[in-house]
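Since the model is a prediction, treat every value here as computed from it, not as a measurement. Atoms within each ligand, like the ligands themselves, are counted from 1 in listed order. Just so you know, these numbers use all the heavy atoms, side chains as well, and skip hydrogens, waters and symmetry mates.
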Amino acid sequence: MINTSKIRKDFPILDKKILNQKDLIYFDTAASAQKPELVISEMDNFYRQNYSNVSRGIHTLSVESTFAFEEARVKVQKFINASSEKEIIFTKSATESINLIAQTFAEKNINEGDEIVLTTMEHHSNLIPWFLVRDKYKCTIKFADIDKNGHIDKEHFASLLNDKTKIVAITHLSNVFGTETNSEILKLCNDRNIPVLLDGCQSAAHLDIDVQKLGCDFYVFSGHKLYGPSGIGILYGKEEILEQLPPYQGGGGMIADVTLDSATFTGLPAKYEAGTPPIVEAFGLGVAIDYVTEIGMNNINNHETELTKTALNEMMDLDFVEIYGTSSDKNSIISFNLENIHSHEVASFLDVEGVAIRAGHHCCQPLMKKLNVNSTSRMSFGIYNTADEIKVFINAIKKCRDFFKK
Ligand SMILES: Cc1ncc(COP(=O)(O)O)c(C=O)c1O
């Protein structure tokens with residue numbers, strides 16, 4: 001059990017009144033989580049007291065900054081149970097992390113005729129980087145089917161794997177369905193020694209992540225969805241694989257020796273962190289990790305799955321609501337449409353009621369086509385949400401239906 005009333009006090013934005021002085025109900029954590037006071041004040045304090053560039057100077061501030069930056073890396077390592085801090089690369093976002101792997105992995109491993117396996121429900125951030133690879137290296141992308149709840153079809157997935165499959169890149173938790181990828185899918189890849197990239201954008205804030213147990217070779221997520229700041233992304237990669245891959249971007253900090261003719265590169269993780277990194281953002285992510293760790297990822301998961309069940313049960317009773325994915329293993333995300341009302345109208349109507357939801361294609365246009373819709377509304381939960389807020393939401397969608405029926 002988590003103490004939601006206490007947690008809510010940690011988030012200053014939850015005191016904000018929306019439009020007609022309505023209490024804010026924030027059901028858009030899947031897009032970006034709100035920030036606890038601790039993260040805001042510690043980052044503010046860091047700028048005031050400790051800030052300097054990292055890994056470059058020998059003066060006190062530089063040493064302090066570097067220490068805090070590297071300490072954040074260790075916090076991430078422990079948070080996802082990577083075996084070494086060298087396996088944690090700071091990027092600006094999960095999107096950048098996927099692009100980094102797509103480009104460097106392809107340069108080393110992908111040739112004409114090779115195959116990459118994705119699913120039909122991937123976020124554009126886990127599609128387009130691979131499209132760029134396909135166009136550059138003339139390889140093929142195969143898409144695993146999913147069922148109506150967003151579970152990957154195991155038989156179909158297995159049928160796609162063969163000697164030409166160089167990498168599998170799939171979501172760990174769907175940003176549309178809220179369903180988690182079954183560990184059997186990863187096992188199919190592990191048994192065939194096919195490297196797997198897991199897009200952990202939606203799982204890192206809701207599940208207790210252990211990259212070693214999961215059996216993934218790469219795991220990516222963004223700090224802003226885990227109650228940390230924007231501008232910081234994580235790439236976890238197995239050390240032995242990252243060591244073999246070429247550099248991604250060139251610049252300061254990633255070199256061992258430079259002449260006017262050539263350069264040699266330094267080891268992990270600096271090899272992938274060219275230029276001044278997101279210093280305070282990495283520090284802020286470390287603070288956010290401390291914050292959620294203190295609450296406990298299992299407690300967070302229990303709270304959010306309970307909220308999901310409550311909302312799902314209530315919504316399934318309403319005949320004007322179509323829900324995309326109704327399986328009981330959904331976590332924190334419910335996508336839906338109200339009969340004959342566009343999702344943008346639903347979101348605008350709810351906004352007037354103080355309820356913030358997301359509406360649109362959720363960066364999953366191929367999935368929207370598969371679901372035969374242009375867009376959906378999406379509610380998503382975080383640690384600060386309550387069952388009472390779900391009641392307000394249910395009343396608001398009833399009111400919305402009545403309004404548009406007139
Ligand atoms: C499943 C999934 N993958 C990737 C991303 C991209 O994350 P970012 O925009 O933080 O790079 C998102 C963000 O919404 C997401 O939900």
Side-chain angles (χ1 to χ4, degrees), residues 26-35 76 80 89-103 118-132 143-144 146 150-152 168-181 185 196-207 209 214 216 218-236 248 272 277-278 281-282 284-285 288 304 308 324-325 330-335 347 356-368 370-371 375-382:
Y26 190 73
F27 281 168
D28 198 20
T29 294
S32 204
Q34 294 300 346
K35 319 302 170 201
V76 176
I80 61 172
I89 313 295
F90 287 129
T91 62
K92 79 170 165 59
S93 62
T95 300
E96 187 176 49
S97 302
I98 298 173
N99 277 280
L100 189 164
I101 286 304
Q103 290 300 326
L118 314 177
T119 77
T120 50
M121 64 178 160
E122 296 311 314
H123 189 283
H124 296 163
S125 292
N126 195 29
L127 278 181
I128 313 300
W130 303 108
F131 287 5
L132 298 178
F143 296 94
I146 52 160
H151 294 122
I152 299 170
V168 167
I170 50 177
T171 186
H172 189 207
L173 197 128
S174 158
N175 63 311
V176 172
F177 296 104
T179 38
E180 187 184 337
T181 293
I185 296 291
V196 185
L197 178 146
L198 267 191
D199 174 354
C201 279
Q202 296 298 341
S203 58
H206 305 297
L207 307 176
I209 301 297
L214 277 169
C216 58
F218 308 107
Y219 181 90
V220 305
F221 67 98
S222 287
H224 69 92
K225 294 190 201 272
L226 183 64
Y227 309 99
S230 55
I232 179 79
I234 296 299
L235 163 64
Y236 155 78
Y248 178 52
Y272 288 112
E281 290 78 4
L285 173 59
E304 292 167 343
T308 313
Y324 301 95
K330 276 170 97 70
N331 191 327
S332 301
I333 293 173
I334 301 177
S335 293
I357 60 160
R358 173 92 187 262
H361 53 61
H362 313 293
C363 297
C364 286
Q365 284 186 355
L367 175 59
M368 294 295 121
K370 194 178 159 61
L371 295 173
S375 68
T376 73
S377 297
R378 181 185 73 182
M379 67 193 303
S380 55
F381 305 123

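The side-chain contact (heavy atoms from CB on, under 4.5 Å) test with V176 is passed by exactly one of H123, H361, M368, R378: M368.
At least one side-chain heavy atom of V220 sits less than 4.5 Å from a side-chain heavy atom of D199.
Atom-to-atom distance recorded for Q103:CD and I98:CD1 is 12.5 Å, nearest 0.5 angstrom. A distance of 8.5 Å separates CD1 of I209 from CD1 of I80, quoted to the nearest 0.5 Å. Q202 contributes atom CD, which lies 5.5 Å from atom CG of N175 (distance to the nearest 0.5 angstrom).
In this structure, the ring of Y236 has its center no less than 6.0 angstrom from the ring center of F218.
If you look at ligand 1, the protein residues with a non-hydrogen atom under 4.0 Å away are S93, A94, T95, H123, S125, N175, D199, C201, Q202, S222, H224, K225.
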